[in-house]
Structures are given as C-alpha cells and as structure tokens.
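Scroll down for the structure; my scribbles are underneath it.
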Amino acid sequence: MKLKNIINTLSLAAVALIATGCQDTDAQVSILEVDAPQFVEASLAEEKPVFFGETTVKVQFNKNIGFATKNTNQITLNGTPVSSAKVAGASNTLTITSNLDFSKSLTLHIPAGLITGPQGKTYDQAIDANWTCPDMPSNTASAMTQKLGWGWNLGNHFDTSNTQWGYWDGATPSAALFSTLATAGAKTVRIPATWTNHMSDGNVIDAAYLDEVKGVVDLALAAGLNVILNTHHDSFETDLGNAATNEETAKADSTLIADLWTQVATKFADYDDKLIFETFNEIHAGDNWGGGTDDEYAMLNNWNQYAVDAIRKTGGKNATRWIGVAGYAANIDLTIDHFVLPTDAANRLMVGVHCYDPYNFCLAPYNTGDEVSVWGHGADGTNDNESYVINQLYKLRKAFIDKDIPCYLGEYGCVWKHSDLENAFRAYYLEFFCRAANLAGIPMFVWDNNAKNSGNEANGYIDHETGAWLNDSETMVPTMIKACTSTDDSYNFQTIWVKSPVIN
C-alpha cells in the first residue's frame with residue numbers, strides 16, 4: 001500500500017472515532033467533593049518568658065488552606081488586631097504575627113468563616129487558644145535565687161593580677177562598706193581573688209595573704225551577707241588552650257588548681273553555708289573570648305571537676321558547701337552549649353555566668369569610635385535590645401533553674417556615662433536588666449571596681465573604703481535591688497518600659 005493511501009485510511013478512522021464519541025451525549029466528568037479544612041492546633045513559634053514584642057503563632061489545619069489578607073484585622077491577639085496573617089504558598093498553616101505589649105498570658109481569636117479549603121468551603125467555627133507563661137518552679141534552685149538575691153562585687157581589690165601594682169581599687173575594705181550594702185538590701189557579696197601571684201614554690205599560698213582575704217570575708221559575713229569567694233585573674237585563667245594541647249601543661253595546671261582549692265577550702269572549712277566557693281572566673285584560651293575548641297571545653301569541664309573534688313576532700317562543712325562552677329568565659333551561650341555539670345555527691349553546685357551585653361553600651365572604651373551611649377526602644381524605635389536581654393536570661397532559666405540547678409549572674413554592669421541623657425539610658429538599662437533577671441529567677445551581682453569618674457571602666461557604685469555612694473548609686477542601687485527581688489506583680493516590664501528616655 002502506498003504511503004498516501006495509508007494516511008487517508010488513518011484519517012478516515014480518526015474522523016469515525018470522533019463522530020462515535022460525540023454521539024454519547026449522556027457522558028459526564030465527575031468532580032470529587034472535598035470537605036472543609038479542619039483545625040488541628042495553634043502553637044507559638046517559640047517559647048517565651050513573657051509575651052512581648054513580635055510574637056508569632058502558627059495555626060495548623062488538616063489540609064491546605066486559603067486566607068484573604070483583607071480579613072487580617074478580624075484576627076486578634078489579646079484583643080488587638082494582629083499585624084499580619086498569611087499562608088505561604090500551598091500550605092496547611094496560617095502564620096500570624098503581631099507586636100504585643102507585656103503580658104504573662106496570650107489569647108488568640110479567629111472568627112468563623114475566615115479559613116477556606118481547596119474548593120472554597122470554609123471552616124465554620126471560631127478558633128480560640130490561650131497560653132500562659134509558666135511561673136517559677138518551686139525547687140532548690142528557686143530557693144537559692146531567694147537566698148542570694150541581689151549582690152555586689154568587690155572588684156579590682158584582691159583580684160589584682162600583678163602584685164607590684166598593689167590593689168587596683170586603692171582601698172582598704174571596711175565594715176562601713178558592708179554595712180551600707182546590707183542596709184540597702186543587698187544579700188550577697190562576691191569577692192574575686194587572685195591566688196597564684198601570692199604563691200611560693202610548691203604552690204603554697206602566702207599565709208598572710210590568706211589571712212587578709214579571710215578578714216574581708218569575715219567583715220561581709222558579720223554584716224549578714226552571703227559571700228562568694230573565687231579564683232580570679234590567676235595564671236591558669238587564659239591557659240586553657242595550652243592545657244588542651246600539651247600534656248605537661250595540663251598536668252601542671254590541674255595540680256595547681258587542686259593545690260589552690262585545697263588550701264583555700266581548708267582555711268574556711270568551719271564556715272557555715274553563707275560562704276560559697278566559686279571555682280573560676282572567666283576561663284578562656286589566650287585572647288579568644290568568642291569560643292574555644294571541643295578539647296578546650298572538655299579541659300575546662302575537667303578543671304571544674306578537679307576543683308570540686310579538691311574542695312570536698314577537705315571535709316568539714318566543705319563536704320556540703322555550695323560551689324559555683326563556670327563555663328567558657330562565663331559566657332551564657334557557650335556555657336549552655338558546652339558546659340558539663342561536675343559530679344558531686346553533695347548535689348550542691350551552682351552555675352555562674354556573666355553578661356555585659358551589649359558590650360558597646362556597657363563596657364566599650366570611650367573615644368575609640370566603638371562606644372554606644374543609648375540603649376532600648378527609646379533609642380532606636382525597636383524592642384530588639386529589650387527582647388535580647390529577656391531571651392538571654394530566660395535561656396538560663398530553661399537550661400538550669402527549671403532543671404533544679406541554681407544559676408546566678410556573677411557579673412553585670414554598665415559604665416557611668418558623660419551626659420544626663422546618656423546616664424538616663426544607663427539607669428533604664430540597669431533597671432530593665434534586673435527585672436528581666438527576676439523573671440528568669442536569676443540572682444545577679446553588679447561589678448564595682450571603685451572607679452569614681454565617668455567613661456572607661458567607670459563601674460563605681462560604693463566607695464570600697466568608706467561605704468559612701470558614688471555617682472547616682474544612692475538611688476540606682478536600691479532601684480536595682482527592687483527590680484531584682486520584688487515580688488510585686490504590679491511592678492512589671494511595662495512599668496519600666498514607659499520610663500525609657502527617648503531620642504527625639
């Protein structure tokens with residue numbers, strides 16, 4: 001058969017087939033009915049210690065949904081229309097975002113009929129969901145929070161890293177100093193001490209120096225204060241990297257740590273539990289403050305264990321004394337991520353961290369171009385700074401307090417500024433920070449180096465010798481104490497928030 005005939009034959013067959021199909025006028029295309037979407041759950045995008053600032057709620061259904069953005073203002077969080085409500089592409093989740101005032105509870109309301117399914121059918125019921133921030137747990141960790149309260153550091157006195165300079169604060173601590181603190185409402189004094197500069201061959205601490213430290217500890221205890229005594233600026237404080245890579249260095253440092261704590265603990269073996277030991281200050285490798293290696297983290301965990309073991313072996317009341325232990329550089333995030341709590345038969349260990357965030361506002365040297373003079377929503381129109389502080393402290397609560405491991409902020413502070421406006425921002429920061437710590441259940445101790453000027457290292461609050469107030473501390477210290485310890489629910493973040501200075 002020729003090709004032309006084949007094509008003609010196929011064409012005729014196709015026409016006949018089409019004609020046959022067209023004669024079936026009763027044939028129908030069946031479309032499957034799809035039910036309306038059903039609500040599954042509403043959940044917070046992240047856990048929060050308090051509902052404040054940008055808050056996101058995800059509302060999930062059992063199938064892909066549609067939502068008309070014009071209906072956004074019908075959805076409310078705590079009675080206020082939300083900022084946005086969106087479905088990202090083909091999704092079964094409605095993402096709701098809003099900027100909230102401070103509240104310990106959250107209520108979501110979505111009216112019936114706003115959520116549609118693939119065929120336009122609506123979910124015909126209102127959605128209401130509630131969340132409440134958890135209260136502080138009733139446990140040993142919370143009891144320690146109450147015991148330690150707000151505290152103060154005798155900074156730059158015994159923690160002098162070079163004995164030929166003398167004591168950097170230039171003072172002789174007096175009973176009047178500790179009386180001022182106790183009368184103001186402070187509960188704890190942290191006494192940083194450098195020991196290795198006062199050691200002779202064989203790692204023996206000078207007896208006269210031990211007696212001198214003991215005398216100041218006694219003054220603080222006599223005023224009714226708790227005392228935290230630590231190692232600070234000692235020779236091993238920046239030697240972690242060497243110890244992690246050199247076996248001989250590791251052995252020497254571990255021996256030094258054990259010898260040091262054996263002598264200090266023996267000196268105070270009969271003291272009651274108002275005296276607390278703290279193994280280390282801000283251990284780090286060289287000048288690396290931002291983090292270490294896995295070997296360095298492991299070495300620091302070993303060092304904490306050596307110190308705890310040495311203290312416990314001295315017996316007496318040291319067998320059950322509370323001991324503070326520290327993570328890398330006493331940094332909040334690095335401690336949470338890499339710290340391992342030592343083994344302790346007494347189960348009386350606390351975790352110490354420090355926080356001077358943001359650095360450029362709290363500590364950055366003046367006249368370098370790095371300093372920042374203002375802080376908070378009144379400075380930049382956002383709540384990023386306040387949110388950061390709340391979230392950092394709440395991380396500690398979740399990691400430690402909620403797990404019945406006491407935790408404390410051994411150092412915080414902010415330098416005295418140059419102008420009235422800058423110092424108003426400083427006062428706002430310090431009060432807000434202390435109230436955030438209260439919410440997280442974290443006792444805290446301000447750093448005080450007796451500096452009476454403004455600017456670089458100006459962290460003076462109380463004269464270390466006379467007990468006189470420095471700068472604005474006669475009002476600032478009671479404000480911090482109230483913020484850190486008050487149980488008055490009406491004294492909340494909103495109370496402080498409205499007092500923020502504002503840059504016009």
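Just so it is clear, the structure is predicted and the values come from calculations on it, not from any experiment. Just so you know, residue 1 is the first one in the sequence shown, and it goes up from there.
A donor-acceptor contact closer than 3.5 angstrom links the side chains of S490 and D488. Side-chain N/O atoms of H109 and D128 include a donor and acceptor closer than 3.5 Å. Under 3.5 Å, the side chains of D384 and S387 contain no donor-acceptor pair of N or O atoms. Checking N226 against K274 by side-chain atom types alone, a donor-acceptor pair falls below 3.5 Å.
Ion pairing of K395 with D333 is present here, as a side-chain N (NZ or NE/NH1/NH2) and a carboxylate O approach within less than 4.0 Å. Comment: E41 does not engage K58 in a salt bridge, judged by the lack of any side-chain N to carboxylate O separation of less than 4.0 angstrom. Salt bridge status for K482 with E431: absent, with no side-chain N to carboxylate O gap under 4.0 Å. Under 4.0 Å is where a charged nitrogen must lie from a carboxylate oxygen, and between D463 and K452 at least one such pair does. Under the 4.0 Å criterion applied to side-chain N and carboxylate O atoms, R426 and D472 are assigned as salt-bridge partners.
Each ring-ring contact (aromatic ring centres under 6.0 Å, His included) pair with one or both residues in residues 403-424, not counting sequence neighbours, appears once here: Y366-H418, Y408-F445, Y412-F433.
With hydrogens and angles disregarded, a donor-acceptor distance shorter than 3.5 Å links the side chain of D404 to the backbone of A141. Between the side chain of T55 and the backbone N or O of G53, at least one donor-acceptor pair lies under 3.5 Å. In this structure a side-chain-to-backbone donor-acceptor pair under 3.5 Å is missing from T122 to D124.
Ring orientation note: the planes of F493 and F102 are tilted relative to one another, at an angle of 30° to 60°. Ring-plane geometry between H338 and Y297 is classed as parallel, the angle between the planes falling under 30 degrees on a 0 to 90 degree scale with a further cut at 60. Below 30°, between 30° and 60°, or above 60°: for W152 and F178 the angle between ring planes is above 60°, a perpendicular geometry. Ring geometry for Y123 against F39 counts as tilted: the plane angle lies between 30° and 60°, on a 0 to 90° scale.
Distance OG1/T343 to CG/N304: 11.5 Å, rounded to 0.5 Å.
Taking the side chain as every heavy atom from C-beta outward, Q60 and N92 approach each other to under 4.5 Å. Residues I110 and V59 form a side-chain contact, since some pair of their non-hydrogen atoms from C-beta on lies under 4.5 Å apart. Counting only heavy atoms from C-beta outward, the side chains of I228 and T188 approach each other to under 4.5 Å. With a 4.5 Å cut-off on side-chain heavy atoms, T140 and I405 do not count as touching. Counting heavy atoms from C-beta outward, I96 and I75 have side chains that approach closer than 4.5 Å. Between N449 and E457 there is a side-chain heavy-atom pair separated by less than 4.5 Å. Side-chain atoms of D370 and P365, non-hydrogen and from C-beta on, never get closer than 4.5 Å to each other.
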*Just do the side-chain contact (heavy atoms from CB on, under 4.5 Å) check on W150 and M444 with the steps written out, would you?*
CA-CA 5 Å; W150 181 88; M444 56 199 307; 4.3 Å; yes

_Stepwise ring-ring contact (aromatic ring centres under 6.0 Å, His included) test for W168 and H464_ = CA-CA 11 Å; W168 295 339; H464 288 189; over 10 Å; no

*Given V477 and T479, is the side-chain contact (heavy atoms from CB on, under 4.5 Å) satisfied, shown in steps?*
CA-CA 5 Å; V477 167; T479 296; over 6 Å; no

*Could you please spell out the steps behind the side-chain contact (heavy atoms from CB on, under 4.5 Å) verdict for C484 and R435?*
CA-CA 5 Å; C484 193; R435 201 60 182 156; over 6 Å; no

*After noting the C-alpha distance and the side-chain angles of F425 and V372, does the key distance pass the side-chain contact (heavy atoms from CB on, under 4.5 Å) rule?*
CA-CA 11 Å; F425 276 106; V372 174; over 6 Å; no

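More than 12 heavy atoms of other shown residues, nucleotides or ligands fall within 6.0 angstrom of atom CG in N130. Counting non-hydrogen atoms of neighbouring residues, nucleotides and ligands closer than 6.0 angstrom, the CD atom of Q494 exceeds 12 such neighbours.
Taking the ring-ring contact (aromatic ring centres under 6.0 Å, His included) definition, one finds that Y461 meets it with nothing, sequence neighbours left out.
Remark: K417 is positioned above the aromatic ring of F361, its terminal NZ or CZ atom under 6.0 angstrom from the ring centre and at most 45 degrees off the axis.
A side chain to side chain contact (heavy atoms under 4.5 Å, CB included) with R348 is found for one member of V308, I276, D273 and no other, namely D273.
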Got a list of side-chain donor-acceptor pairs under 3.5 Å for residues 44-51, not counting sequence neighbours?
from : atom 1 : to  : atom 2 : distance (Å)
K48  : NZ     : E54 : O      : 3.4

